[in-house]
There are 2 protein chains.
Amino acid sequence: MDTTVVSARRKIEIYRVNVGNGGLDNCPIRTVVQNISGKWSALLLMALAERPYRFGELRRLVPDISQRMLTQTLRDLQRDGYVSREVFPTKPPSVEYSLTDLGRSMYDAIEHLFHWAENNHQQVRAARVEFDAAED
Amino acid sequence: MDTTVVSARRKIEIYRVNVGNGGLDNCPIRTVVQNISGKWSALLLMALAERPYRFGELRRLVPDISQRMLTQTLRDLQRDGYVSREVFPTKPPSVEYSLTDLGRSMYDAIEHLFHWAENNHQQVRAARVEFDAAED
DNA sequence: GTTGTTGCTCTCTTTTTGAGACCAGCACTA
DNA sequence: TAGTGCTGGTCTCAAAAAGAGAGCAACAAC
């Protein structure tokens, strides 16, 4: 009983830190960010922000995505309500993907990051080179 | 020669689309985004934006990260120049991580997304529930 | 009738993550 | 002085995610 008091108190303290910081589990930011942060999500959102695209167009636009990941990423984006999927009954049925209002609103926010990236990627690349050079 | 003309023209067209769109390979946004978009990067950046943290503090702050991923994510962030790592010669040597100027500047951009997430995560959750319900 | 187009799915391999043991060095405590 | 804890890691192995590529059904054009 005596020896465990300390570690119990410590555990409570740790727990308090987590809850006090807003409860990182079930955290809004985590909810949203985890799904935008897929390897391909940002790229596809950018494309769709420009205009609606068909499946095949997206595949050609992002040449190094696999068909499997394109399907899946689009479905995830659709699930979160950013993208809407519309099937047209053309002869080989075609599918068009476009941003929803929610998606567009989110894109306005993420756009800041994209602008930053365009302006500062050189510094990031430089930092990377320097870091790699410092590996002994 | 005759039959290949069509597909060659098609290939050129596809190539033009890619290049015309800014060359998605070796693209600045891809360079930057791919490394911020790790599962834990955003969370750690948020924490470090608040104040510098020690390794163990971060581990307690984000309880469901493994030590291995914490080490690795911090190193990646450091490699890209967002985070600086400082070792203090205390008795059990302690290590402090903090945002660099570059990191802080990037954080200002990504912060918009975090704000959006806080304000709109309910809609995302709702979309998700609706999508899942529609699965036949 | 061969070839091409559409948007997928299925399988297989490789890469990334996660869980957890282990490590060295020092401090405190019994 | 032997045991225990704290520091920030690394190493190994299992599980999950991603990539490569084949297959597919239905129709169109040549």
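Sequence lines set the chain letters: A, B, ... in the order given, protein chains first and strands last, and positions in each chain run from 1. Just so you know, these numbers come straight off a predicted model, no measurement behind them.
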At less than 4.0 Å, is any side-chain N or O atom of [X] found next to OP1 or OP2 of [N]? Yes or no.
X: A/R85; N: C/dC8; answer: yes
X: B/Y53; N: D/dG8; answer: no
X: B/R59; N: D/dG8; answer: no

Could you state the [atom1]-[atom2] distance from [X] to [N], rounded to the nearest angstrom?
X: B/F55; N: D/dG8; atom1: CZ; atom2: P; value: 7 Å
X: B/Y97; N: D/dG8; atom1: OH; atom2: C1'; value: 8 Å
X: A/E86; N: C/dT6; atom1: CD; atom2: C1'; value: 17 Å
X: B/L74; N: D/dG8; atom1: CG; atom2: C1'; value: 11 Å
X: A/Q78; N: C/dG7; atom1: CD; atom2: P; value: 15 Å
X: A/L58; N: C/dT5; atom1: CG; atom2: P; value: 18 Å
X: A/D76; N: C/dC8; atom1: CG; atom2: P; value: 14 Å
X: A/E96; N: C/dT6; atom1: CD; atom2: C1'; value: 14 Å

Problem set entry | Heavy-atom neighbours of B/D101 CG exceed 12 at 6.0 Å | no
For this session: Would you classify A/F88 as touching base, sugar-phosphate or nothing, given that sugar-phosphate means primed atoms plus P, OP1 and OP2, and contacts are heavy atoms under 4.0 Å?
Result: nothing
Problem set entry | Matching residue for B/L74 among B/Y97, B/Y53, B/Y82 - test: side-chain contact (heavy atoms from CB on, under 4.5 Å) | B/Y97
Taking N or O atoms only and anything under 3.5 Å, show me the protein contacts with nucleotides 17-25 of chain C, one pair per line.
{"from": "C/dG18", "atom 1": "OP1", "to": "B/K39", "atom 2": "NZ", "distance (Å)": "2.8"}
{"from": "C/dG18", "atom 1": "OP2", "to": "B/W40", "atom 2": "NE1", "distance (Å)": "2.9"}
{"from": "C/dG18", "atom 1": "N7", "to": "B/R68", "atom 2": "NH1", "distance (Å)": "3.3"}

Exercise. Quick one: side-chain hydrogen bond (donor to acceptor under 3.5 Å, both in side chains) partners of B/S66, sequence neighbours excluded?
Worked result: none
Problem set entry | Contacts of type side-chain hydrogen bond (donor to acceptor under 3.5 Å, both in side chains), residue A/N120, not counting sequence neighbours | A/W116, A/Q123
Seminar exercise, completed: Residue pairs meeting salt bridge (charged side-chain N to carboxylate O under 4.0 Å, His left out), one or both in residues 71-81 of chain B, sequence neighbours left out, come to A/R128-B/D80, A/D132-B/R79
Problem set entry | By salt bridge (Lys or Arg N to Asp or Glu O under 4.0 Å) - contacts of A/R104 (at least two apart) | none
For this session: Could you list the residues that satisfy salt bridge (Lys or Arg N to Asp or Glu O under 4.0 Å) with B/E57, not counting sequence neighbours?
Result: B/R51
